[in-house]
Structures are given as C-alpha cells and as structure tokens.
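Step one of this worksheet: look at the structure below.
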Protein chains: 2
Amino acid sequence: MAFEEEQKIFDSFVRDKGLKHSGQRKDILLTFLKTEKHLTADELHALVKKKNPAVGIATVYRTLRLLCECRLSSELRLGNGAVRYEHFYGHEHHDHLICVKCGNFIEVMDPEIEKLQERLAKKEDFRLQGHKLLMYGVCRKCKQ
Amino acid sequence: MAFEEEQKIFDSFVRDKGLKHSGQRKDILLTFLKTEKHLTADELHALVKKKNPAVGIATVYRTLRLLCECRLSSELRLGNGAVRYEHFYGHEHHDHLICVKCGNFIEVMDPEIEKLQERLAKKEDFRLQGHKLLMYGVCRKCKQ
DNA sequence: ATTAATTATGATAACGATTATCAGTTTCAA
DNA sequence: TTGAAACTGATAATCGTTATCATAATTAAT
C-alpha cells in the first residue's frame, strides 16, 4: 500500500494528540488519498462505504477535521454549497480560477502575487499565515 | 434623507425588473446604507426592526439579494458562518486581511495584484469577472 | 375611484450542511 | 486482564437560508 509518508504523518499526529487509532479513520484516510479530486464530505463518505459500509458520515466529518489539522488536507470553500477538501501535503500551494458557467475550476500559481501579498500584509503589520484567492470568470470552453 | 443616488439605482432596478415598490424594502435599504459595517442578514434584520418591527427575516434576505443584483451590495464569505454584506456602489474594490485570533479584518487594495491576476487569467484563457482574495494572519494587536 | 392582475409580505415549514449527543464498542497502557 | 479514555454510528439538534402559502399591498387600465 502506498502513501506511507502520509500515513506516517497521520499516525504521529494521532499519537501526539493522545488519540487512538481506528480502522475507520484508516479507511477514510486511504480513500481520501487515493482520489485526487476535491471531494465533499458526502462524496468521500460514498466512496468509503464501498470499502467499509459501516462507516458513518459523522466519522467522515471528524476525520476530515483531523486531516486538516495535520495539514494533509485543507478546506476549499467555493462560494456556497458544501465545503470541499483538497490534498495539502506534498502539493504546491495554488489558487483557483473558477468558471461561473460550468462550475469547473483550475489550479494556478503565481509567485509574484504571493510576494505582493506579503508586502501588503507587512504594510498593515499583519503576520500573514495563509490566504485564499478565488478568481471567477468564464473558461475557454464556455466562452465559445 | 441622504443616499439619493443609491435609492435611484434601486428604484430603477426595481422598475426595470417589473417589480413593485414597498415600504419594507425602503426601510431595509436605508438601514443598510446607514451603517458602514459588514452585516449579516440577522444583524440587519435586528436594526431594521427598530424602525419597523413588522419586517420579517425573509424579506431581509429577499431584499439583500436584490441589493446584490443591482450592485449596491456584495456578499462577503469569510470562512464559515453567515454571509456578510458589504457596500458595493461607490466603494473601491478591495480585499481583506483577516485576523485569525480576534476575527477583525481590514480592507486593503493593491493594483499590482489585480494586474497580475488579469495576466494569470489571460494565460489560462479565462475571461475574468471578479475575485475574492482573503488573507489570513495575526493583526498588530494580537501579535503582542 | 374601482377593479383586476400581479407582486410583496410575514410566519413558518423545509432544507442542506454540519455538529452535538449518547449509549455501546474499541483501543491501549499499566 | 482490566479499566480509563477515546471512538463509533445513529440520529437529534443547530444554523443559515430558501420555499411555501395565505393574505396584503401595489400598479396599470378602466
């Protein structure tokens, strides 16, 4: 089974927090890692149930919270609707270009924008920890 | 009474859409315009009721939607919790620096960042319509 | 002014996403 | 092996928001 690194991160996190291990959490973690899509809790729950039908939605939410805490995942809020969870560990930071017509989005990155944000934060005496940049528009396909 | 311009915008919008005028909507509009804060629907409802106790929360939501449609207001989603509504007409575009400790935020603006976003969108063949940039960090006060 | 068509309203039910509760189960260190 | 503590699934509760519906208000045409 792959994802040794991610599993090690999760196991250390769980141990350090004084929590206990469980098969459900392992199933959820591996299912999450196996898909590269930005899933909602519900969507992930549906996938996990294929492997382990007994897993409840509450445990999926609880585990996703842990995954975010140990930085294996991060929340993605694109306007309204359910929160989506994306991979975080081992993934470059990126922002999102979201098509207002079809709802699809692509990931983009610009180091200069990041630098300017730092400059902006410094000017206001903020210690910057992170950001979310959502750009809305019409994608190539939908423009036609 | 002030806010003639904004009222004119709203009245034209209502007329052009084939809607009708109502006292409740006028109360909600004026209460919204009078405060510069980024209110939630609930908070605005509480203020409106001081002037007109009969106004219901549903009408506040309905009116806020109209205000966004005619660009007098725009939605502000800062992480979880309720949507906040900010003034849009006559206000420069800006982004937000949000303190993760105290929850306060300040408005900032950097034309260079805007330009770089345009460049990024063009590279991906997106027709950019708008964006939300949320920067999270620790503000001056909370750093101490 | 009267009417008739249409929109607006407030109360509240319904909704979707998420969190809290709780009784029973599992983990794990001693 | 045991006992304290964490974990679980089911589901009730919560929160913000939208839909429904019967009644009221607005408007344009008479």
Side-chain angles (χ1 to χ4, degrees), chain A residues 7 10-29 31-32 38-70 73-85 103, chain B residues 10-32 38-70 73-85 103:
Chain A
Q7 287 195 69
F10 187 63
D11 287 351
S12 311
F13 174 76
V14 164
R15 204 175 322 111
D16 294 352
K17 246 201 150 188
L19 307 179
K20 296 177 176 173
H21 292 280
S22 87
Q24 289 93 326
R25 291 213 277 232
K26 190 169 182 182
D27 290 340
I28 293 166
L29 171 60
T31 305
F32 171 76
H38 304 66
L39 300 174
T40 63
D42 246 351
E43 289 164 355
L44 180 56
H45 184 215
L47 290 178
V48 171
K49 279 202 289 189
K50 289 186 189 170
K51 175 181 292 188
N52 183 347
V55 173
I57 184 69
T59 299
V60 173
Y61 274 105
R62 289 186 279 236
T63 304
L64 281 170
R65 173 177 296 176
L66 295 177
L67 295 186
C68 289
E69 282 180 36
C70 72
S73 177
S74 85
E75 295 187 346
L76 183 55
R77 297 171 190 269
L78 307 174
N80 51 4
V83 171
R84 295 189 169 274
Y85 294 85
Chain B
F10 187 64
D11 287 350
S12 310
F13 173 77
V14 164
R15 204 175 322 110
D16 293 351
K17 247 201 148 189
L19 306 180
K20 296 174 177 177
H21 292 280
S22 87
Q24 289 93 324
R25 291 213 277 232
K26 189 169 183 181
D27 289 340
I28 293 166
L29 172 60
L30 289 175
T31 306
F32 171 76
H38 303 67
L39 300 174
T40 63
D42 247 351
E43 289 164 355
L44 181 56
H45 185 214
L47 290 177
V48 170
K49 279 202 291 190
K50 288 185 188 171
K51 175 181 292 189
N52 183 348
V55 173
I57 184 68
T59 299
V60 172
Y61 274 105
R62 289 186 279 237
T63 303
L64 280 170
R65 172 176 298 177
L66 295 177
L67 295 186
C68 289
E69 282 180 37
C70 72
S73 177
S74 83
E75 295 188 347
L76 183 55
R77 297 171 192 268
L78 307 174
N80 53 3
V83 172
R84 295 189 168 274
Y85 294 85

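Protein chains get the first letters and strands the later ones, always in sequence-line order, with residue 1 at the start of each.
Rounded to an integer number of Å, the gap from Asp27(B) CG to dG10(C) C1' is 15 Å. When the C1' atom of dC7(D) is taken as reference, atom NZ of Lys26(A) falls 17 Å away, rounded to whole Å. Across the protein-nucleic acid pair, Ile28(A) atom CD1 and dT8(D) atom C1' stand 10 Å apart, rounded to whole Å. Note: CG (Asp16(B)) to P (dT27(D)) measures 14 Å, nearest angstrom. Atom pair Asp42(B):CG and dT14(D):P shows a separation of 16 Å (rounding to whole Å applied). In this structure, Lys17(B) atom NZ and dT6(C) atom C1' are separated by 15 Å, rounded to whole Å. Nucleotide dT9(C) holds its P atom 9 Å from the CG atom of Leu66(B), rounded to whole Å. Rounding to whole angstrom units, CD of residue Glu43(A) and P of dT18(C) are separated by 11 Å.
Residues His38(A) and Leu76(A) come closest through the heavy atom pair CD2-CD2, 3.5 Å. Heavy atoms only, all atoms of each residue included: Leu47(B) and Thr31(B) are closest at CB-CG2, 3.6 Å. The two atoms that bring Leu19(B) and Leu66(B) nearest to each other are CD1-CD2, 4.1 Å, heavy atoms only. When all heavy atoms of Lys20(B) and Val14(B) are compared, the closest pair comes out as O-CG1, 3.6 Å. Among all heavy-atom pairs drawn from Ala41(B) and Ile57(B), the shortest one is O-CD1, 3.9 Å. Nearest heavy atoms, Glu43(B) versus Arg84(B): OE1-NH1, 3.0 Å.
Under 4.0 angstrom from either OP1 or OP2 of dT18(C) there lies no side-chain N or O belonging to Arg62(A). The side chain of Arg25(B) places an N or O atom within less than 4.0 Å of a non-bridging phosphate oxygen (OP1 or OP2) of dT9(C). Residue Thr59(B) places no side-chain N or O under 4.0 Å from the OP1 or OP2 atom of dA8(C). Under 4.0 angstrom from either OP1 or OP2 of dG10(C) there lies at least one side-chain N or O belonging to Gln24(B). For Tyr61(A) and dT18(C), the shortest distance from a side-chain N or O to OP1 or OP2 is below 4.0 Å.
Remark: side-chain polar atoms of His45(A) are not paired, donor with acceptor, to backbone N or O of Tyr61(A) under 3.5 angstrom.
Ranked by how close their nearest DNA chain D nucleotide is to the 5' end, Tyr85(B) and Ile57(A) are led by Ile57(A). Ranked by how close their nearest DNA chain C nucleotide is to the 5' end, Asn52(B) and Asn80(B) are led by Asn52(B).
The rotation axes computed at either terminus of the helix from dA1(C)-dT30(D) to dA30(C)-dT1(D) lie 30° apart, taking five pairs at each end and rounding to 10 degrees.
Arg15(A) comes within 4.0 angstrom of nothing in the nucleic acid, heavy atoms only. Using a 4.0 Å heavy-atom distance criterion, Gly18(A) is classed as a sugar-phosphate-only contact.
You won't find any donor-acceptor pair under 3.5 Å spanning the side chain of Lys20(B) and the base of dT7(C), going by distance alone.
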Going through the distances and angles, do Tyr85(A) and Leu44(A) end up as a side chain to side chain contact (heavy atoms under 4.5 Å, CB included)? CA-CA 9 Å; Tyr85(A) 294 85; Leu44(A) 180 56; over 6 Å; no

